[in-house]
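The next block holds one structure in the form of structure tokens; read it before the comments.
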Amino acid sequence: GRKQTSFTRARHVEHVKPMFKSTWRPILVALSVTLRETNDVELVRACLDGLRCSIRIACVFGLEFERDTFILSISQFTLLTVSAGITEMKPKNIETIKTLVAIAHTDGNYLQKSWHEVLKVVSQLELAQLIGAGVKKQYLVGPPSSAGTGSSAKVGAPKSDPDALKSSSDLKKAATIQQSMGETGSQSVVVAVDRIFTGSIRLDADAIVDFVHWLCKVSMVELNLAPGPRMFSLQKLVEISYYNMDRIRLEWSRIWEVLGNHFNEARPTRYVIYIYIYI
């Protein structure tokens, strides 16, 4: 007869770690491929929930490489990275943005350097919201269009030619972007993003330093954009400074060390004077 295989029921939470380390790659592939190919709302939500839970497992067990890989995968599906075209943004991409923001709320203490990807998406989201409202069109970029060739606009590095958007193709591109980006400006999304910064007071002593460090990195990129600096992340640094001033001196001194270095580096932009006046 057939030999019966014996199984032992796993009863301790630590058993999850080796099992997840053995299976995370096929899990990521299965969820990512399905998310890319489907537009079914329920299936999209199931995939995003799977990615969110996988990130949670990686965070809890300190699996940094696995956590960073899952976060990067989700950030790419938002279509808000510099290299991603957004003219075809769909409801599933909006849901992905909401999922990434939710991860920032629930797992902020574990994100460490993954805060960089999260905050880059938040920065690009604010820019996309401005484009959706019909402003900041100078930050639309895209390859030159040719007859019979499709093109996709991008959000991120601005065009060097201030008159580039005057062409009919770019005006159509801007209109498409505005239509795609409309839902990103919904009240629920705006409030959820704002909670990332107001909720920074709940981050532990190490997590708040990581958060501030990577927000400074994003801010420096914004301040060095070609046609004119963006001040979104710089303003958020001001806000979180105010929110976290009640921390004990030991924690605040570590935060201020990062902030002070950033303000000194940003001083040549002349926008940092706003910070000193505010504080």
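Residues: numbered from 1 along the sequence shown.
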Which residues share a salt bridge (charged side-chain N to carboxylate O under 4.0 Å, His left out) with Asp206, sequence neighbours left out: Arg254
Trp214: ring pair (Phe, Tyr, Trp, His ring centres under 6.0 Å) partners, not counting sequence neighbours: His116
Approximate separation, where rounding is to 0.5 Å, of Arg52 CZ and Ile71 CD1: 12.0 Å
Side chain proximity check, Pro229 to Glu222, heavy atoms < 4.5 angstrom: no
Working for side-chain contact (heavy atoms from CB on, under 4.5 Å), residues Val122 and Phe232: CA-CA 10 Å; Val122 169; Phe232 171 74; 3.8 Å; yes
Gap between atom CD of Glu64 and atom SG of Cys59 - 0.5 Å precision: 10.0 Å
Non-neighbouring partners of Asp40 that pass side-chain hydrogen bond (donor to acceptor under 3.5 Å, both in side chains), sequence neighbours left out: none
SB check Lys17 Glu14 (cutoff 4.0 Å): no
Nearest atoms (heavy-atom pairs only) where His262 meets Cys216: CE1-O, 3.3 Å
side-chain contact (heavy atoms from CB on, under 4.5 Å) involving Leu250 - partner list, sequence neighbours excluded: Ile248
Rounded distance [0.5 Å steps], OG in Ser200 versus CD1 in Ile208: 4.5 Å
Residue pair Ser114, Arg67: steps toward the side chain to side chain donor-acceptor pair (under 3.5 Å) verdict: CA-CA 8 Å; Ser114 288; Arg67 177 203 65 210; 3.1 Å; yes
Spatial distance of atom OG (Ser219) from atom CD (Glu265) [nearest 0.5 Å]: 10.0 Å
Asp49 side chain to Arg45 backbone, donor-acceptor under 3.5 Å: no
Reported CG-to-NE2 distance for the pair Asn261 and His213, which is rounded to 0.5 angstrom: 10.5 Å
Test salt bridge (charged side-chain N to carboxylate O under 4.0 Å, His left out) applied to Lys21 - qualifying residues, sequence neighbours left out: Glu66
Heavy-atom closest contact (Lys92 atom, Thr38 atom, distance): NZ-O, 3.1 Å
Whether Trp256 side chain and Ser241 backbone form a donor-acceptor pair below 3.5 Å: no
Test side-chain hydrogen bond (donor to acceptor under 3.5 Å, both in side chains) applied to Ser54 - qualifying residues, sequence neighbours left out: none
No-hydrogen, no-angle side-chain donor-acceptor test under 3.5 Å, Asn93 and Thr78: no
Where Ile74 and Ile55 come nearest, the two heavy atoms and their spacing: CD1-CD1, 3.6 Å
Derivation of the side-chain contact (heavy atoms from CB on, under 4.5 Å) call for Trp115 and Val212: CA-CA 9 Å; Trp115 270 119; Val212 172; over 6 Å; no
For Tyr110, the rest of its hydrophobic cluster, which grows through side-chain links under 4.5 angstrom: none
Listed partners of Asp204 passing salt bridge (charged side-chain N to carboxylate O under 4.0 Å, His left out), at least two apart: none
OG1 on Thr96 to CG on Leu79, rounded to 0.5 Å: 8.0 Å
Single-linkage hydrophobic cluster, 4.5 Å side-chain cutoff, Ile201 and Met245 together: yes
Same apolar cluster: Val60 and Met19, side chain cutoff 4.5 Å: no
Review item, side-chain donor-acceptor pairs of residues 25-36, under 3.5 Å, at least two apart:
from, atom 1, to, atom 2, distance (Å)
Ser32, OG, Leu28, O, 2.8
Ser32, OG, Ser73, OG, 3.2
Thr34, OG1, Ala30, O, 2.7

Closest heavy-atom pair and its distance - Leu119, Leu215: CD1-N, 3.5 Å
Residue pairs fulfilling salt bridge (Lys or Arg N to Asp or Glu O under 4.0 Å) with at least one residue in residues 105-129, sequence neighbours excluded: Arg56-Asp107, Asp68-Lys113, Glu117-Lys120, Glu126-Arg230
ILVMFWY cluster, Val121 and Leu72 together (side-chain gap under 4.5 Å): no
Criterion side-chain contact (heavy atoms from CB on, under 4.5 Å) on Phe77 and Ile97, from CA distance to verdict: CA-CA 8 Å; Phe77 278 112; Ile97 293 171; over 6 Å; no
Cation over ring face, Lys236 and Phe197, 6.0 Å, 45°: yes
Within one Ile-Leu-Val-Met-Phe-Trp-Tyr cluster: Ile240 and Val221, side-chain cutoff 4.5 Å: no
Which residues share a side-chain contact (heavy atoms from CB on, under 4.5 Å) with Asp246, sequence neighbours left out: none
Ile196 vs Phe211, side-chain contact (heavy atoms from CB on, under 4.5 Å): CA-CA, chis, key distance, verdict: CA-CA 10 Å; Ile196 294 177; Phe211 180 74; 3.9 Å; yes
Nearest non-hydrogen partners of Ala104 and Leu111, listed with the distance: CA-CD1, 4.2 Å
Please output the side-chain donor-acceptor pairs of residues 188-195 that fall under 3.5 Å, not counting sequence neighbours, one pair per line with the distance.
from, atom 1, to, atom 2, distance (Å)
Ser188, OG, Ser186, OG, 3.3

Closest non-hydrogen atom pair between Trp252 and Leu259, with its separation: CH2-CD1, 4.4 Å
Contact check, side chains of His105 and Val101, non-hydrogen atoms, under 4.5 Å: yes
